[in-house]
Peer 1: 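Structure provided below as structure tokens; questions to follow.
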Amino acid sequence: MSDLLLHNSLSRGKERFEPADPGCVRMYVCGPTVYDLAHIGNARAMAVFDVLYRMLRARFPRVFYVRNITDVDDKINERARTSGEPIASITARTIADFHADMAALGCLPPDIEPRATAHIPDMIALIERLMASGHAYAASGHVLFAVGSFPAYGMLSGYSAEELQAGARVEVAPFKRHPGDFVLWKPSTPDMPGWDSPWGRGRPGWHIECSAMSWRYLGETFDIHGGGRDLIFPHHENEIAQSCCAFPGSGFARVWLHNGMLRVNGEKMSKSLGNFLTLRDALARAPGEVVRLVLLRTHYRAELDFSDLALGEARRELDRFYRALERHDDVQASGDAILRTLCDDINTPGALAAMHGLADAALAGDRRAGSELRAGGDLFGLLQQSPAAWFRGASGSDDVGAINAAIAERRQAREARNFARADQIRAALAGRGILLEDGPAGTTWRRTS
RNA sequence: GGUCCGGUGGCAGAGUGGUGAUGCAGCGGACUGCAAAUCCGCGAAUGUGGGUUCGAUUCCCGCCCGGACCUCCA
């Protein structure tokens, strides 16, 4: 097998990937903050790293994939305040929604999905280490990380502490020693979630949870840390600072991967523009595999335009793949051809081109190609259903008997060369989203919507 | 303003220092009663100006255009 190359945000270039422990790849991905439904930007990150997870599982004996759930956050508090719904209710519901959405998107569950609120003691332990080593200080009830104590601060984002100071456009809290210092722990009022700590009752800052949970489950050093590009600064930069200072010499994550942002129908996705598309919205418009393919048709580091046009194209691509599977899928296959292309920095568009080549071959009668196509689909998390289910399953109505009756009537009409009647029947079905296809073995049907 | 990323056919979207993948759409043809699907074929692109090179879409520089990020916190 050829090398696995991954673009490391730390070096801004592709590197040959070698896990620290050849027996087990350790990966951490930033999961959702559970105050609202996942949007398609979240979905992209989840789908991209799910493909990586599948690739790694195909290449290495074991993969341990950790994806956290942030269930303590001021956005959650704010949602509870404005809606009146209790925090525990908001987070429980949103987590259930998230799991349902991920399943619909075809994402494998991570090996463990730790919740921030279950790891407060780990966070406190980490903060105490930072206090003891002089990287953190208490001020006005807060505990802050002192960026000046970490010379490498900025190694990921490319910002220097000085630049940040110069460019600061937000009012800096007066108790900070350096404008770049960030909160590790902050005080909570009685109506806010809080935990007892050496610094009084309080709650964690945004970044410390990921340092704590990755430490807990993956150790001081691990292989891959992934997330959206918008997390590079400040979130990941601060994670690095916390973890590297708490565990000198550890280096924290060895490879950082960041997926690009989304546009919707050509516009930047934002709540103010009113085009903030939830994954659930997308799933209402198209099957999960179609949404997933749209997210994987573009290389993960590039900006992606999520459009209705793209949904249509993706659906037609999947139609073709399923047609190829319909004819031939009965041989053992490895998926190696597809995996080889994916191993060039998760080159899903390139691998998709290879999938089309396999589909061509399968449609031409190469049974092995059809099986390779299926195996490639397993790497993509696509082609996970039977062609029959894809073309004729789901989408509501149980009018299969009526459809078959109509087909039988049309067959009689055609045999009598009454094509006007035959076409009338076909048009009536087409109006209900049923497309008839006359083949050598008779007439088959599929849903077009 | 600072830092960084990107500009490929009508659209989407890869690779590559030496005749520019793949998909969708379009056009012509085969097949079909007609379609659908499938197959065959066709046209169509590397933002711009320089530089390096025998040769640049690929490497370097300028320019233009587009995009991302520039924290804490209420």
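Residue numbers begin at 1 in each chain, while the letters A, B, ... track the order of the sequences.
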Peer 1: Phe17(A) pairs by side-chain contact (heavy atoms from CB on, under 4.5 Å) with which of Asp345(A), Asp3(A), Leu6(A)?
Peer 2: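 Exactly one pass, corresponding to Leu6(A).
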Peer 1: Where the side chain of Asp230(A) is defined as all heavy atoms beyond and including C-beta, which of C69(B), G67(B), A74(B) is the nearest nucleotide?
Peer 2: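 Between C69(B), G67(B), A74(B), the one nearest the side chain of Asp230(A) would be C69(B).
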Peer 1: Would you please confirm or rule out a distance under 4.0 Å between OP1 or OP2 of U38(B) and any side-chain N or O of Arg323(A)?
Peer 2: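 Yes, within the criterion.
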Peer 1: Tell me if the side-chain of Arg426(A) makes a donor-acceptor pair with the base of A35(B), cut-off 3.5 Å, by modelled atom types.
Peer 2: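 When only heavy-atom distances are counted, Arg426(A) does reach the base of A35(B) through a donor-acceptor pair under 3.5 Å.
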Peer 1: Between protein and nucleotides 9-22 of chain B, map the contacts as a letter string: B base, S sugar-phosphate only, - none, heavy atoms under 4.0 Å, written 5' to 3'.
Peer 2: --BSSSS-----BS
Peer 1: Before accepting this row, confirm whether a basic side-chain N of the pair Asp366(A)/Arg368(A) lies closer than 4.0 Å to the acidic partner's carboxylate O.
Peer 2: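 No, this pair does not count.
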Peer 1: Under 3.5 Å, is there a donor-acceptor pair between the Asp191(A) and Thr189(A) side chains?
Peer 2: yes
Peer 1: Which listed nucleotide (A74(B), G33(B), C39(B)) is nearest to the side chain of Arg410(A)?
Peer 2: G33(B)
Peer 1: Looking only at the side chain of Asp74(A) (C-beta and beyond, no hydrogens), which of the listed nucleotides A36(B), A68(B), A74(B) gets closest?
Peer 2: A74(B)
Peer 1: To the side chain of Phe233(A), which of G33(B), U71(B), C73(B) is closest?
Peer 2: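 It is U71(B).
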Peer 1: Rounded off to whole Å, could you give me the CG-to-P distance for the Leu429(A) and A35(B) pair?
Peer 2: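 Rounding to the nearest Å, CG of Leu429(A) and P of A35(B) are 19 Å apart.
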Peer 1: Output the rounded distance in Å from CD1 (Ile232(A)) to C1' (C5(B)).
Peer 2: 10 Å
Peer 1: Could you tell me whether Phe321(A) and His356(A) have their ring centroids closer than 6.0 angstrom?
Peer 2: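 That pair passes the under 6.0 Å test.
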Peer 1: Taking the nucleotide of RNA chain B with the nearest heavy atom to each, does Glu317(A) or Arg12(A) sit closer to the 5' end?
Peer 2: Arg12(A)
Peer 1: Is Glu237(A) reaching over with its side chain to a backbone N or O of Ile232(A), donor-acceptor style, under 3.5 angstrom?
Peer 2: no
Peer 1: For a quick check of understanding: with a heavy-atom distance under 4.0 Å over all strands, which category does Arg301(A) fall into, base, sugar-phosphate or nothing?
Peer 2: nothing
Peer 1: Is Arg414(A) near enough to A35(B) that one of its side-chain N or O atoms lies under 4.0 angstrom from OP1 or OP2?
Peer 2: no
Peer 1: Looking at the side chain of Tyr159(A), which of C39(B), U3(B), G33(B) is the nearest nucleotide?
Peer 2: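 When the side chain of Tyr159(A) is considered, U3(B) is the closest of C39(B), U3(B), G33(B).
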Peer 1: Among the nucleotides G33(B), A74(B), U38(B), which one has an atom lying closest to any side-chain atom of Arg320(A)?
Peer 2: U38(B)
Peer 1: If the plane angle is over 60° it's perpendicular, under 30° parallel, otherwise tilted; pick one for His236(A) and His225(A).
Peer 2: perpendicular
Peer 1: Once you round it to whole Å, what is the distance between P of G23(B) and CG of Asp319(A)?
Peer 2: 15 Å
Peer 1: Can you tell me the pairing partner of A35(B) across any strand shown, Watson-Crick or G-U wobble, with both distances under 3.5 angstrom?
Peer 2: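 Pair assignment: A35(B) / none.
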Peer 1: What about the rings of His142(A) and Phe175(A), do their centers lie closer together than 6.0 Å?
Peer 2: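 Close enough - the centres of the two rings lie under 6.0 Å apart.
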Peer 1: Nearest to the side chain of Arg316(A), heavy atoms from C-beta on, is which of A35(B), A25(B), C4(B)?
Peer 2: A25(B)
